[in-house]
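Residue numbers count from 1 along this sequence.
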Amino acid sequence: MTQTRYDQRVRVFVEIHGGAHDWQEAETCFDRHGWPVREAHPAGQGPLGPALEHDPDSRVYEIEVRLFGVAKGSDRGAADRVRKVLRSARLEGYVRRAEPLARDRQLYPHWRIVGAAHRRPGRQPAWRRRFVRVAMRLGRHDAGGFVSGAPRQALRLARAAAPPDAGRPAPAVRPLDGRWRESAPYKREEQLQRRVHRLVLWALLSAGALTLASAARAVTWWFWIPVALLGAYGAVRTGRELSGEGRRFEGVVLALLCVLMFAALGTGLLDRDGRAWTPRRTVMTAVVVAVIAGLWLLVRQWTWGEWVAWAVPLVVTLAVSAFVAAGSVLHALYAEGLSLAPDDLDIPPVWQALAAVKLLVMLSLVMIVPAWWGFAKHRHHSYATPGDGTNIILNVGLFLAMFAGAGIQAWESADAAVDRTTAAAVRGDDPPSYFGVAPEWTCVRPVVPADDLPGEGPRLQPDTPYLSFGVSGETAVLWDPATREPVKLPANQVWLRPAGSGKAPCATGRD
C-alpha cells in the first residue's frame, strides 16, 4: 500500500540480517508501509561500500521513507519509524544512514505566449506602440499558450514549437506575475510558505504581548514589552528574508504593516467602540487556535493503531456536544444554583446553542494533551513516533485532570451568574440575564382563595414582588428573594403582572 500523501521524503539505508527469508519479509514490510525500495546490495557493496563489513547473510536496502511533518529532524524521525517497524516484525535490522531528500519546487515566472499578427514592419508612431503595449498587457494579442521559466528561457520555450516562417516575426511572451523581475535562483515554494507562516506568528506574538502589556500591572509590564519587541524583531527579520537580494526593504515594510495591523486590532484602535482584547480573551484565543492546529496535525497523519489511544478524547467531546444539544449543562448548573430544576427554565434553542458553544470552548482545554501530541509528531520527537508504547494511565490521568478543569470552569461560570442574580434580587435591582435566562420582577395575585392555592415553596405573599423565570408547562416558576427559595404555582390560578422593580411593594387591591 503506497502512501500517496506525505510531507517529507528521506533516503534510508537499512541493513537486514538473516538471509533470503528475512530479506523477503523486510521487503514486504517496506511495501506495506509505502516505502519503495530503490536498490539492494550485499553488505560491503553499493553506495555505502566498504563502510560495512562483508557478510553473505546481510543485505543493505536503500528505501525511501515518506512521512508527515517538518523537514528539520525528518531523518531522525524516519530512522525511528524504520527501527520500530523492524522491531515489531521481529527482524534483525539496523538503520545505517538516513538523509532527507530536498525536493522544494522553484517558483518560476509565468508567461503567456503572444502572437505576432499585430506587428507591422517598419517604424511605428509612438502612440501606436503605446497602444499595442497596453493591448498586449490586457491579453488582446494572446496566442493561447503558457510557459514558465526565466525571461530568456520563456522566450525560447514560446518559440520552440512555433513553425519556422521567415516572413513572419517570431512569437513573444508577456509576464503574468512579478517574479520575472527577480534574479535566479528563484524562491522556493515551501520555503516561502514557511516564512509567511513565521511572519504571521511573530506578528501575532507581538500584538498579543502588547495587548497583555496594556492591561497588565506595573509588576508584569516589564515582561510583556520585551516579548512584544521580540515578536516585532522576529517579524521584521522574517519579512527581510521574504524578498530577494536588493529588495529587502519591501519585506521589512510588509512585516511592519502586519505587526501594526495586528497591534491595532488587539489594542482596539480599529474597533468602532474602541474595545481592546482582554487578557483572558487573548489567552483563550491563543489556546483554542493552538488546540485546533495540534488536532489537525494529529488527525492528518493518524493510523488505525493510534485511534485506540487518542480517539477517546474526540469521542468524549462529541458525546458532550450531543448532550449539550439536548439540554445545556450551563443552564442546568445555573438552575441548580437557584434550587430550580432544569425543566423549570424555558430556554430558546438559539440560547442553548450559544451556551453549547461556550461550554465547548471550555472543553477545548481537554484537548490540549492530544494537540500537544500532534505537535510532537509533526516535529518528529522520538517519543511520538508510531509504534512507541504510550503510558495509558498517564494519558487517562491527564485527560481526567483537563476534563475536571473544564468542569470547574463551567461551574464557576454558572455560580458567578447565580451570585449576580441573587445580589441584584436582594438589592431589588433588575438581575442580569444568563444565556437567554432573563428573570423579571413580577407581582403575583391569586385568583382563588389563598388557602386553596396549591404549589411548592414558601407561602405566597401577594404584596411582595417575585422574580419570575416564566411559565414552564402549566407552572409559573418564581423565586423569593427573601427566603432565596423557588416558588412554583399553577399558572391558571394566579395572575402575573410585571413590577417596576423589587424595591416597591405590589398593590393588593383589584385594578
Side-chain angles (χ1 to χ4, degrees), residues 3 5-10 12 33-35 64-88 95 98-102 190-191 193-198 200-202 204-205 208 231 234 238 283-318 361 363-406:
Q3 183 177 349
R5 295 176 57 250
Y6 53 88
D7 294 333
Q8 309 298 333
R9 299 163 58 192
V10 181
V12 181
H33 286 80
W35 301 337
E64 183 179 300
V65 177
R66 299 170 177 179
L67 68 161
F68 291 96
V70 297
K72 184 178 181 180
S74 59
D75 48 359
R76 178 67 180 273
D80 289 339
R81 281 167 169 79
V82 175
R83 177 177 56 84
K84 292 171 183 178
V85 166
L86 296 177
R87 184 178 62 185
S88 62
V95 177
E99 53 188 7
L101 300 174
E190 296 179 3
Q191 183 185 56
Q193 292 177 354
R194 290 194 297 268
R195 289 175 177 175
V196 171
H197 292 163
R198 287 202 301 268
V200 174
L201 290 177
W202 280 117
L204 286 175
L205 175 64
T238 307
V283 174
M284 286 299 299
T285 302
V287 170
V288 171
V289 172
V291 167
I292 293 175
L295 291 178
W296 179 76
L297 292 176
L298 177 64
V299 172
R300 71 188 292 263
Q301 53 180 311
W302 246 348
T303 60
W304 286 107
E306 296 169 299
W307 277 87
V308 177
W310 291 109
V312 176
L314 289 179
V315 172
V316 172
T317 302
L318 293 177
V361 171
L363 289 175
S364 64
L365 298 178
V366 181
M367 311 307 292
I368 286 181
V369 177
W372 164 81
W373 190 262
F375 282 112
K377 287 172 64 66
H378 191 68
R379 303 291 301 181
H380 310 294
H381 292 293
S382 59
Y383 53 80
T385 53
D388 199 8
T390 57
N391 192 332
I392 301 299
I393 297 178
L394 177 61
N395 294 334
V396 172
L398 289 174
F399 173 74
L400 292 178
M402 300 303 297
F403 190 84

Minimal non-hydrogen separation, Phe375 against Ala293, with atom names = CZ-CB, 4.0 Å

task = Supply the atom-to-atom distance Lys377 NZ to Leu67 CG, rounded to the nearest 0.5 angstrom.
result = 10.0 Å

ask   = Which distance, rounded to the nearest 0.5 Å, do you find between the CH2 of Trp372 and the NE2 of His381?
value = 8.5 Å

query = For Glu190, which residues count as a salt bridge (charged side-chain N to carboxylate O under 4.0 Å, His left out) partner, sequence neighbours excluded?
reply = Arg105

remark   = For Arg195 and Thr238, the nearest pair of non-hydrogen atoms, with its separation, is O-CG2, 3.1 Å

key: Nearest atoms (heavy-atom pairs only) where Val12 meets Ala78   = CG2-CB, 4.2 Å

task = Assess whether atom CZ of Arg379 is packed by more than 12 heavy atoms of other residues, nucleotides or ligands within 6.0 Å.
result = no

note = What one should report as the nearest heavy-atom pair of Asp75 and Pro100 is CB-CD, 3.9 Å

query = Looking at Leu205 and Gly231, what are the two nearest heavy atoms and their distance?
reply = CD2-CA, 4.3 Å

key: Residue that, paired with Val95, satisfies side-chain contact (heavy atoms from CB on, under 4.5 Å) out of Asp80, Val82, Val65   = Val82

note = Tightest non-hydrogen contact, residues Val10 and Ala98, listed as CG1-CB, 4.2 Å

request  = Please round to the nearest 0.5 Å and tell me the distance separating atom CZ of Arg66 and atom CZ of Arg81.
outcome  = 14.5 Å

